[in-house]
Amino acid sequence: KRIKTLTDLGGCGECQTCKTSCTVG
Amino acid sequence: MIHQYKNNGYNIVLDIASGSVHVVDDLVYDMIEMYQDLSEEQITDAIVKKYMSTYSNEDIHEAYEDITALKERGQLFTEDVYKDVIIDFKKRKTVVKALCLHIAHDCNLSCKYCFADEGSYNGKPKALMSAEVGKRALDFLVENSGNRVNLEVDFFGGEPLMNFEVIKEIVEYGRSIEKAAGKNFRFTLTTNGILLNDEITEFCNREISNVVLSLDGRKCVNDNMRPSVNGKGSYDIIVPKFQRFVEQRGDRSYYVRGTFTRNNLDFVEDFKAMADLGFKEISIEPVVASEESDYSIREEDIETICAEYDKLAAYLIELAKKGKPITFFHYMLDLNGGPCVYKRLSGCGSGTEYLAVTPDGDLYPCHQFVSYDDYKMGNVFDGIEKTDIVDEFKLCNVYAKEKCRDCFARFYCSGGCAANSFQFHGNILDAYDIGCKLQRKRVECAIMIKAALAELEEGE
């Protein structure tokens, strides 16, 4: 196909802190 | 607005402010490049001139409509709406949610590039953290973490396992208080492996969420940069221990982490060497060192390193095709989830939600600032005394940094390392330029790998 879209953006602060994933989901 | 590039046969368009990623053919790639500046008629003329009769006028018109549709859906040429709302970053209330415990300012290796100077951190006396300081650090964390539930404690050094008994005491204490405090402690550890044994492995598998194992790859490379204190190489001691550790680790998280220097710009060979040893989770990253050192990465090395990153990306795709995937930390990218924008823009949290604790209990913005006495913020017994340092770090976000605010990688990089900025420019709101160039290349490679894997899944 001419265009293939791979993916179609205060926080709660619970995700890991020096790549992290959203803890809430 | 957008960033478009070609890599490994893929034409990739990243819509920076929405996070959308598109893989397109040559026609659309060229048209997107002209879309904002030229009319459809002008674009058509340019395409016909370049491709002769390859594309019909109908093809070009359809492509133009597809591009317009992407823009209308907010997936192309999206305006950055975050710049204006982040001005008040200094007013935000921050809490501490992670500590880096310098459990040992001492080391049994003498790695040439170590920013911690074998644990002495710019001439500080050798020291081991006491259980009293460690337990107080956990209390400090609980007291200053507000409503945060998930708290993180990293055991760092020097070499943390030189103080293993205290690590055990601190973890035991953490487990004894977390339920009543309504918290979950997540402990992590970085080790050079010299002291690893079955008792420590069993403890790590029970209590430590992630373990970082330091190894630089090939024996000759590792032993050149990571000798023991008596000058002998460490490879033959640590590799069997790491292999045994990983074997017993099961599905728990670990990383074998290496550093490459200008002595091994062919670092893909080191990655392969670590993969051949049976390690599946690997990180290898460029040394950060002043230009005076003979092993530092220079501007003239960047082209070579970028070509090496391309080679590594192609190698990882090949492994995935064979059904034997290996994770490279710096190509980990979650395009469909990942952290929220707030997290992406505020970065690692150093100086605000992430602090380092020395063996004496002194607080610093992060482990890399412990060498700088001016950045001592307080201690775990009396709390944070120099709140001006917290305020300085609160401002750390990508829009506060001139080099970052228009960079295409800003939502993936989060503004780079404050300590590296300070080391090279004397302030935390600049950016380490060589690191930036390599980071941008890694982001490009990581997205390209996503494109290749998506193609693989579709069986094209």
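Letters A, B, ... mirror the listed sequences (proteins, then strands); counts begin at 1.
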Practice task
With a 4.5 angstrom heavy-atom cut-off, could you sort out which part of B/A419 is near chain A: side chain, backbone, both or neither?
Solution key: neither
Practice task
With a 4.5 angstrom heavy-atom cut-off, could you sort out which part of B/V341 is near chain A: side chain, backbone, both or neither?
Solution key: side chain
Exercise for the section: Please state whether the side chain, the backbone, both or neither of B/L70 comes within less than 4.5 Å of a heavy atom of chain A. Expected result: side chain
Problem - Aromatic plane relationship, B/Y51 with B/Y55 - under 30° parallel, 30 to 60° tilted, over 60° perpendicular - result: perpendicular
Handout entry: Structural part of B/L27 lying under 4.5 Å from a heavy atom of chain A
Key = side chain
Practice task
May I ask you to check whether B/N210 and B/T188 show a side-chain donor-acceptor distance below 3.5 Å?
Solution key: no
Exercise for the section: Please confirm whether B/F408 and B/Y5 have ring centers closer than 6.0 angstrom. Expected result: no
Practice task
Check whether B/A451 gets within reach of chain A through its side chain, its backbone, both or neither, counting any heavy atom under 4.5 Å.
Solution key: both
Fill in the blank from the handout: If one checks every heavy atom of B/Y29 against chain A at 4.5 Å, the contacting part turns out to be neither
Handout entry: Part of B/V23 lying under 4.5 Å from any heavy atom of chain A
Key = both
Problem - Structural part of B/L453 lying under 4.5 Å from a heavy atom of chain A - result: neither
Fill in the blank from the handout: For B/A452 and B/Y10, the nearest pair of non-hydrogen atoms, with its separation, is CA-OH, 3.4 Å
Exercise for the section: Please state whether the side chain, the backbone, both or neither of B/K450 comes within less than 4.5 Å of a heavy atom of chain A. Expected result: both
Handout entry: B/Y331 six-ring face occupied by B/R442 cation (under 6.0 Å, within 45°)
Key = no
Practice task
Please determine if B/K343 and B/E353 form a salt bridge, counting it only when a charged side-chain N lies under 4.0 Å from a carboxylate O.
Solution key: yes
Problem - Between B/C348, B/C417, B/S18, B/G349, the one whose heavy-atom pairs under 4.5 Å with chain A are most numerous - result: B/S18
Problem - Contact winner vs chain A - B/Q75, B/R344, B/K97, heavy-atom pairs under 4.5 Å - result: B/K97
Completion exercise
Correct closest heavy-atom pair for B/V96 and B/T352 would be CG2-O, 3.8 Å
Exercise for the section: Could you look at B/N11 and say if it's the side chain, the backbone, both or neither that has a heavy atom under 4.5 Å from chain A? Expected result: neither
Exercise for the section: Specify the closest pair of heavy atoms between B/Y354 and B/C100, including all atoms of both residues, with the distance to one decimal. Expected result: OH-CB, 3.3 Å
Handout entry: Proximity breakdown for B/R73 and chain A, heavy-atom pairs closer than 4.5 Å
Key = neither
